[in-house]
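All remarks here apply to the structure that follows.
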2 protein chains.
Amino acid sequence: MDTRRKLLCAAEALFDRHGFTATGMGRLTRAADMSSRTLYKHAGSKADLIVAVLAERQQRFLRAIRVQSVEALFAALETWVRREGGRGCLFLRAYGETGGDAPEIAQAVSTYKAELFDTIEKIVSAETGGTHQPELAEQILVLFEGATWAAVYRGTGAINAARQAAVALIQQARS
Amino acid sequence: MDTRRKLLCAAEALFDRHGFTATGMGRLTRAADMSSRTLYKHAGSKADLIVAVLAERQQRFLRAIRVQSVEALFAALETWVRREGGRGCLFLRAYGETGGDAPEIAQAVSTYKAELFDTIEKIVSAETGGTHQPELAEQILVLFEGATWAAVYRGTGAINAARQAAVALIQQARS
DNA sequence: ACAAAGGTAAAATGATCGTTTTACCATGCA
DNA sequence: TGCATGGTAAAACGATCATTTTACCTTTGT
């Protein structure tokens with residue numbers, strides 16, 4: 001089923017570059033190079049398509065930041081932004097566009113963010129000698145979120161700043 | 001001209017709660033309790049209205065965070081989020097919904113972010129004894145941005161975490 | 001040979017979009 | 001008295017929205 005992948009790729013790119021609501025199904029069928037009938041047979045509805053795009057993005061992004069140190073975490077984010085461009089967190093953008101009025105999308109966002117926090121918590125724990133430090137993990141999460149968004153208007157320099165701040169906080173916690 | 005203020009207030013609330021694109025002019029006229037003719041005479045167009053809302057928000061928000069310490073900066077953010085709710089940065093949301101396809105909105109966003117960075121830079125400078133430290137200021141900016149967004153899904157706890165991280169970074173820079 | 005599967009193009013559906021128009025009503029000032 | 005000013009309601013505008021329908025074309029496996 002190459003069709004579904006083609007659809008998801010086109011949809012992810014368009015949603016990311018032009019926004020979810022502003023991207024119409026007409027533009028999607030053209031970009032994915034398929035008839036609207038085929039699109040609806042695979043996607044179900046636009047909301048379903050958004051959820052599918054988010055699910056695929058979650059897998060891809062979490063795999064991209066599967067690292068073992070805080071330093072590498074921010075390096076991975078920088079690589080991602082250089083490759084894909086930085087337009088903020090796609091999940092929060094989806095949530096913001098619907099105002100939480102679409103429960104399925106709100107659910108996808110909270111699932112992703114929970115897993116993101118979990119990922120960061122594990123990295124932080126590994127760097128501080130296996131100790132549980134939820135407050136420190138939350139600080140790193142905030143830096144990660146901030147780097148993602150600040151990169152929109154300040155470029156990858158913001159990610160570097162975040163990386164240095166994160167390293168400093170970790171080092172301070174270790175002593 | 002009470003009419004214009006009524007319009008801007010209603011528009012800001014609806015845009016914030018339901019998104020810019022998803023908020024139609026019909027819903028706006030109902031919320032602002034005025035005819036569409038009156039609305040268009042004051043607003044010009046929807047894009048103009050969005051720009052006007054952002055300009056008003058910029059003034060209001062920057063006034064709310066006009067403080068003299070990093071600690072107070074994050075306390076002010078927490079107060080804001082408690083009062084107005086945390087749905088992320090309205091400017092970046094507007095930018096994300098249009099994908100930068102609307103130059104007037106992109107301009108409003110970059111103007112605001114420049115002034116925000118300036119504000120933070122001054123606070124940081126005051127706290128480090130008048131020295132210029134753009135890297136430290138950028139770290140605080142990233143924490144501020146991250147706190148704004150992480151509060152969407154983690155509540156005000158994320159702002160507290162950011163505040164503590166910021167204070168630690170400032171203290172470390174002072175020694 | 002045949003039928004199911006999966007695709008196409010193109011038109012139609014009804015709703016909603018942003019915006020403008022038409023026609024009217026109050027107010028206050030000259 | 002008269003005439004701007006600033007508002008109202010309601011209809012109409014053409015465009016676009018998400019979605020469905022109709023009718024047809026290729027594959028592919030049995």
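In what follows, every heavy atom counts, from backbone to side chain, and hydrogens, waters and symmetry copies are set aside. The structure displayed is predicted, hence computed values, not measured ones. Chain A is the first sequence line, chain B the second, and so forth, proteins listed ahead of strands; every chain is numbered from 1.
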Rounding to a whole Å, what distance do you find between B:K46:NZ and C:dT20:P? 15 Å
Between B:E12 and B:R60 (salt bridge meaning N to carboxylate O under 4.0 Å), is one present in this structure? yes
Gap between atoms CG and P, on A:L39 and C:dA9 respectively (whole Å): 13 Å
Taking DNA chain C as the partner, which of residues 22-34 of chain A come within under 4.0 angstrom of it by heavy atom? A:D33, A:M34
Would you say B:R93's side chain and B:D16's backbone share a donor-acceptor pair under 3.5 angstrom? yes
Between P of D:dG7 and CG of B:D2, the distance in whole Å: 10 Å
Check B:D2 with B:K6, please: is the shortest side-chain N to carboxylate O separation under 4.0 Å? no
Write down the distance between CG (A:L7) and C1' (C:dG6), rounded to a whole number of angstrom. 15 Å
When you get a sec, tell me which of C:dG18, D:dT20, C:dT8 is the closest nucleotide to the side chain of A:S36? D:dT20
Among residues 92-108 of chain B, which residues get a heavy atom nearer than 4.0 Å to DNA chain C? none
Given atom CG of B:D48 and atom C1' of C:dT19, what is their separation to the nearest angstrom? 13 Å
Between D:dT19, C:dG18, D:dG7, spot the one nearest the side chain of B:T38, thanks. D:dG7
Look at B:H42 and D:dG6 and indicate whether a side-chain polar atom (N or O) is within less than 4.0 Å of OP1 or OP2. no
Atom-to-atom span, OH of B:Y40 to P of D:dC13 - whole angstrom: 17 Å
How long is the line joining CD1 of B:I50 and P of C:dG18, in whole Å? 9 Å
Nearest whole angstrom, please: distance from the P of D:dA23 to the CZ of A:R37. 12 Å
Going by distance alone, is a donor N or O of one side chain under 3.5 Å from an acceptor N or O of the other, for B:Q133 and B:T131? yes
Is it true that the side chains of B:Q58 and B:E115 contain a donor and an acceptor less than 3.5 Å apart? yes
One thing to verify: whether A:E145 and A:K113 come together as a salt bridge, which I'm taking to mean a side-chain N less than 4.0 angstrom from a carboxylate O. yes
